[in-house]
S.K.: 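Supplied in structure tokens, the structure appears directly below.
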Amino acid sequence: MANEQKSLNFIEQIIEEDIANGLDKNNLRFRFPPEPNGYLHIGHAASICLNFGLGEKYNAPVNLRFDDTNPAKEEQEYVDAIKRDVAWLGFIWDKELYSSDYFQQLYNWTIDIIKAGKAYVDLQSSEEIAKQKGTPTQPGVVGPYRNASVEENLALFEKMKNGEFNEGEAILRAKIDMTHNNMHMRDPIMYRILKKAHHRTGNDWVIYPMYDWTHGESDYLEQITHSLCTLEFKSHRDLYEWYLAQVVTTDKIQPKQREFARRNISYTVMSKRKLLQLVQENHVSGWDDPRMPTISGLRRRGYTPNSIKKFSEVAGISKRDNVTDVALLEFCIKDELNKTAPRVMAVLDPIKLIINNYPANKEEILIAENNPEDEQAGTREVPFSKELFIERDDFREQANKKFFRLKLGGEVRLKNAYIIKAESVEKDENGQITAIHCTADLDSRSGSGTEASQRKVKGTIHWVSSKHTVSSEVRLYDRLFKDEAPDSHKDIDFKEFINPNSLTTISALVEPSLLTAKSGDRFQFQRKGYFCVDTESTATHLIFNRTVGLTDSWAKQEKKQATPKNDPAFDAIVPLAGKYLKARSNEERNELLNSIGQLANKTNRDIITPKLNDVIANKEVLAGLLTLKFIGIDSNEEKTFLQKALGMKNAAIKLEAIYITIANTTLLEENKALLTSILAQEKSPFIKEIIEKAIA
RNA sequence: UGUCCCAUGGUGUAAUGGUAACACAGCGGUUUUUGGUACCGUCGUUCAAGGUUCGAGUCCUUGUGGGACAACCA
């Protein structure tokens, strides 16, 4: 039986349990509640797919609700962008709602809460309030305004509402418990004064409700059954429930907040604050730069709504911190585009190919399959002539048997055309090849049905006809960051890891059928990858973005041979160095040092040294340092690395670098000036003392 | 020196006390007019120690590791 049941994620399990306990399925209702202070990213897509996915699964309505309680950060531009992105993903929201629609209702409830003696106006400065709040390990203390009378509070709150206070002079707090374990319960702020125009309510209000005092009540007003948010709101749940308890009536549904882990992806960052920084500091061209993990960036990059939904589905949902391999996202788009994208020929790095035995004035129209994966896709016409361009990579004067492409004296098929044999090359004065001469087997034309056309040759390469080709701009994107998790390093700014080569713009030659391509169209450039027409593209200046490359097992093999192998011993040292950084006792450190020493003696200096000056992460730097501590320093590269380590922020690394430097008289002499300058800036008396002694 | 959450292959998720599985990535092969695709194969996993149980990835205890929480942000 094809009755295979898909396993439920933990949210679905909670819902099923609630239904089993008597919740009417027909009352199920969800919401996606973004703050309009930035663009949506692939992490939001997980939340969107979760909420709207539940809506589809249970046939329940899903609201799009803008959490717009902070006019200082929010803009209409973001509201529009968010609506566009959710709609583009293909989801239909039940109602478009705004928290700001509930300002009056929230205000009315607030009056009741004050009357019940459960909220008070506090006129202290934010510093005083913060001080009284305590810390996670120390309880807070009661402030002087906590026991004011209901009448006084009502009057003060009225003054707040009427704009009689300036920003920062007064706030309204819930009266809960200043000694509560959960900091959020220590008399949290319900309202603050913000004399700013709101993008929807204008200047109607000068008091604005805080997130906690808005979110649960909005859920309640909309009768949301399950209010799903990310893990960092876990500790807000107590407050969410406390606020709800002040207003619920038993005949209505009390919403339930549940938390799931946000979706992270390797080689990128996923926080609005950091993405905003990339935009503002011009590391990217905008929110929709194709390198950005935003929905709009992915759209421009060539991702489809389905590929993003598919990704959210296969990545799943859970409560564990995660960094999902970006390869999974790429798989989702490749898998779809393989079935749907028309094939075309484009030469990215052209070199001229002349067919000696083909008439100079002859032109042929050849027939090419649009998509071998899709019979319905049909065929197209591609012009052919004596002079062509092929990919520079597809030719070598000499090569071994594993090279299936064109080499002197070797044969290869030109896709959809003839089998050719390379005869000679033309070179310029620098020895650079400027043209390749070949002869064609004129009986071997693809599809001609002749015996020669059935011949098997090992390689097939793509081409464009010189006379008919269209020149275009192609943007090749690589990952934006060099590190898997650029924002996971404690004392290193994530921007340190930005990949300087994340965008390469080239001019490429494409087949003439692409002349009619329109913005957003997606193609497979055969043997190269999937590309889409950029939004900036025009009829006279075509621009293609590379969405993702094809799996290239030849390039992989080449690379494997070209790049030096990893050093297994060093790779084993790195995690130990990570532990060393966190070690609490000298005993622990000595034990680790012992293991590292044994491994260090097995490392291969020739492999490690060239890599040293590229490492950025603390544990890798320390691993290099500790390895050198055992095997000694002897090259200039290693000395440079030591100096870099001396300049690092991390105290443990700096200290280790200092120890290595002062243990060796030559190194000490060479780095005296550097040590002196470190001494001048150093705050730690311990490190200062060590340096002073050594220099003296 | 608190409270809470989390811990399954390289990565992401499943297994709801009963054979640890699926996908991605990796590796190898077959097919191929894309070194793509497809197909086949392969690699590798329950943080530790105790306990409950006929039986524990799952329940309990302790420990270890990671994370969240002290914005007039959301």
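Each chain gets a letter, A, B and so on, in the order the sequences are listed, and its residues count up from 1.
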S.K.: Using atom types as modelled and distance alone, determine if a side-chain donor or acceptor of A:Glu373 lies under 3.5 Å from a backbone N or O of A:Asn338.
M.R.: no
S.K.: Contact class for A:Gln124 (heavy atom, under 4.0 Å): base, sugar-phosphate, or nothing?
M.R.: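 Base, at least one base heavy atom under 4.0 Å.
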S.K.: Ring stacking, A:Tyr211 with base of B:A74, under 5.5 Å and under 30°?
M.R.: no
S.K.: For the base of B:G35, is there a side-chain donor-acceptor partner from A:Arg527 under 3.5 Å away?
M.R.: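 Checked by distance alone, the answer is no.
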S.K.: Taking A:Arg455 first and then A:Glu411, would you say they form a salt bridge - that is, a charged N and a carboxylate O separated by under 4.0 Å?
M.R.: yes
S.K.: With sugar-phosphate meaning primed atoms plus P, OP1 and OP2, does A:Leu414 contact a base, only sugar-phosphate, or nothing at under 4.0 Å between heavy atoms?
M.R.: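 Here A:Leu414 touches no strand at all.
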S.K.: Give the nucleotide from the list B:G36, B:G12, B:C24 with an atom nearest to the side chain of A:Asn322.
M.R.: B:G12
S.K.: At under 4.0 Å between heavy atoms, what does A:Tyr208 touch on the DNA or RNA strands: base, sugar-phosphate, or nothing?
M.R.: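 Here A:Tyr208 touches no strand at all.
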S.K.: Which nucleotide in the list B:U3, B:U34, B:G67 gets nearest to the side chain of A:Gln526?
M.R.: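 Minimum distance to the A:Gln526 side chain belongs to B:U34.
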S.K.: Does A:Lys319 have a side-chain nitrogen or oxygen under 4.0 Å from the phosphate oxygens OP1 or OP2 of B:C5?
M.R.: no
S.K.: Whether the side chain of A:Asn306 engages the backbone of A:Ile333 through a donor-acceptor N/O pair (distance < 3.5 Å, no angle test) should be reported.
M.R.: no
S.K.: Tell me which nucleotide among B:C5, B:U33, B:C73 gets nearest to the side chain of A:Lys234.
M.R.: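 From the listed options, B:C5 comes nearest.
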S.K.: Think A:Lys161 forms a cation-pi with A:Trp205, using NZ or CZ under 6.0 Å from the six-ring centre and within 45 degrees of its axis?
M.R.: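 Yes, a cation-pi geometry holds between A:Lys161 and A:Trp205.
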S.K.: Please determine whether a side-chain nitrogen or oxygen atom of A:Lys556 lies at a distance below 4.0 Å from atom OP1 or OP2 of B:G26.
M.R.: yes
S.K.: Students often get this wrong, so: under 4.0 angstrom with heavy atoms, is A:Gly447 touching a base, only sugar-phosphate, or nothing?
M.R.: base
S.K.: With no angle test and no hydrogens, is the base of B:A74 tied to the side chain of A:His236 by a donor-acceptor pair under 3.5 Å?
M.R.: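 Counting by modelled atom types and ignoring angles, a donor-acceptor contact under 3.5 Å is found here.
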S.K.: Quick check for you: among B:U37, B:A23, B:U11, whose closest atom lies nearest to any side-chain atom of A:Asp325?
M.R.: B:U11
S.K.: Regarding A:Glu330, tell me which of base, sugar-phosphate or nothing describes its non-hydrogen contacts under 4.0 Å with the strands shown.
M.R.: nothing
S.K.: So, do A:Phe404 and B:G35 meet the stacking rule of ring centres under 5.5 Å and planes under 30°?
M.R.: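 Yes; by the centre-distance and plane-angle rule, A:Phe404 counts as stacking on B:G35.
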S.K.: Side chain of A:Gln138, base of B:U1: donor and acceptor closer than 3.5 Å?
M.R.: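 It does not, because no donor-acceptor pair links the side chain of A:Gln138 to the base of B:U1 below 3.5 Å.
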S.K.: Answer with base, sugar-phosphate or nothing: what part of the nucleic acid does A:Asn416 contact at a heavy-atom distance below 4.0 Å?
M.R.: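 Base contact.
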S.K.: Select base, sugar-phosphate, or nothing to describe what A:Tyr530 touches, counting heavy atoms under 4.0 Å on all strands.
M.R.: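 Here A:Tyr530 touches no strand at all.
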S.K.: Could you please name the option among B:C72, B:A74, B:A14 that lies closest to any side-chain atom of A:Ser318?
M.R.: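 Per side-chain heavy atoms of A:Ser318, the pick is B:A14.
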S.K.: Side chain of A:Glu373 only, please: which of B:U37, B:C72, B:A70 is the nearest?
M.R.: B:U37
S.K.: Could you tell me the separation between the CG atom of A:Asn370 and the C1' atom of B:U33, rounded to a whole number of Å?
M.R.: 15 Å
S.K.: Describe the nucleic acid contact of A:Val457 in one word from base, sugar-phosphate, nothing, applying a heavy-atom distance below 4.0 Å.
M.R.: nothing
S.K.: Select from A:Glu167 and A:Lys456 the residue whose nearest nucleotide in RNA chain B is closer to the 5' end of that strand.
M.R.: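 That would be A:Lys456.
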S.K.: Using a strict 4.0 Å threshold on nitrogen-to-oxygen distance, state whether A:Arg380 and A:Glu511 make a salt bridge.
M.R.: yes
S.K.: Just by distance, do the side chain of A:Arg192 and the backbone of A:Tyr208 share a donor-acceptor pair under 3.5 Å?
M.R.: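 Checked: pair present.
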S.K.: Any Lys/Arg nitrogen of A:Lys556 or A:Asp552 sitting under 4.0 Å from an Asp/Glu carboxylate oxygen of the other?
M.R.: no
S.K.: Taking the minimum atom-to-atom distance to the side chain of A:Arg192, which one of B:G12, B:G36, B:C72 wins?
M.R.: B:C72
S.K.: Counting side-chain heavy atoms from C-beta on, which of B:U16, B:A74, B:A23 comes nearest to A:Leu328?
M.R.: B:A23
S.K.: Regarding A:Thr69, tell me which of base, sugar-phosphate or nothing describes its non-hydrogen contacts under 4.0 Å with the strands shown.
M.R.: sugar-phosphate
S.K.: Return whichever of A:Asp67 or A:Asn9 has its heavy-atom-nearest nucleotide of RNA chain B closer to the 5' end.
M.R.: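 Counting from the 5' end, the first nearest nucleotide belongs to A:Asn9.
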S.K.: Using atom NZ of A:Lys334 as one end and atom P of B:G36 as the other, report the distance to the nearest whole Å.
M.R.: 11 Å
S.K.: Using only modelled atom types and a 3.5 angstrom limit, is any donor from either the side chain of A:Arg343 or the base of B:U34 paired with an acceptor on the other?
M.R.: yes
S.K.: For A:Glu35, answer base if it contacts any base atom (sugar-phosphate contacts may also be present), sugar-phosphate if it contacts only those atoms, and nothing otherwise; contact means non-hydrogen atoms under 4.0 Å.
M.R.: sugar-phosphate
S.K.: Could you walk me through whether A:Tyr120 and A:Tyr145 pass ring pair (Phe, Tyr, Trp, His ring centres under 6.0 Å), step by step?
M.R.: CA-CA 7 Å; A:Tyr120 62 99; A:Tyr145 292 90; 8.1 Å; no
S.K.: Check every strand shown and say whether A:Gln524 touches a base, only sugar-phosphate, or nothing at a heavy-atom separation below 4.0 Å.
M.R.: base
S.K.: Considering every strand and a 4.0 Å limit on heavy-atom distances, what is the contact class for A:Pro372: base, sugar-phosphate, or nothing?
M.R.: base
S.K.: In whole angstrom, what separates A:Arg320's CZ from B:A68's P?
M.R.: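 Those two atoms, CZ and P, are 17 Å apart.
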S.K.: Whether the side chain of A:Gln13 and the base of B:U16 hold a donor-acceptor pair under 3.5 Å is what I'd like checked.
M.R.: yes
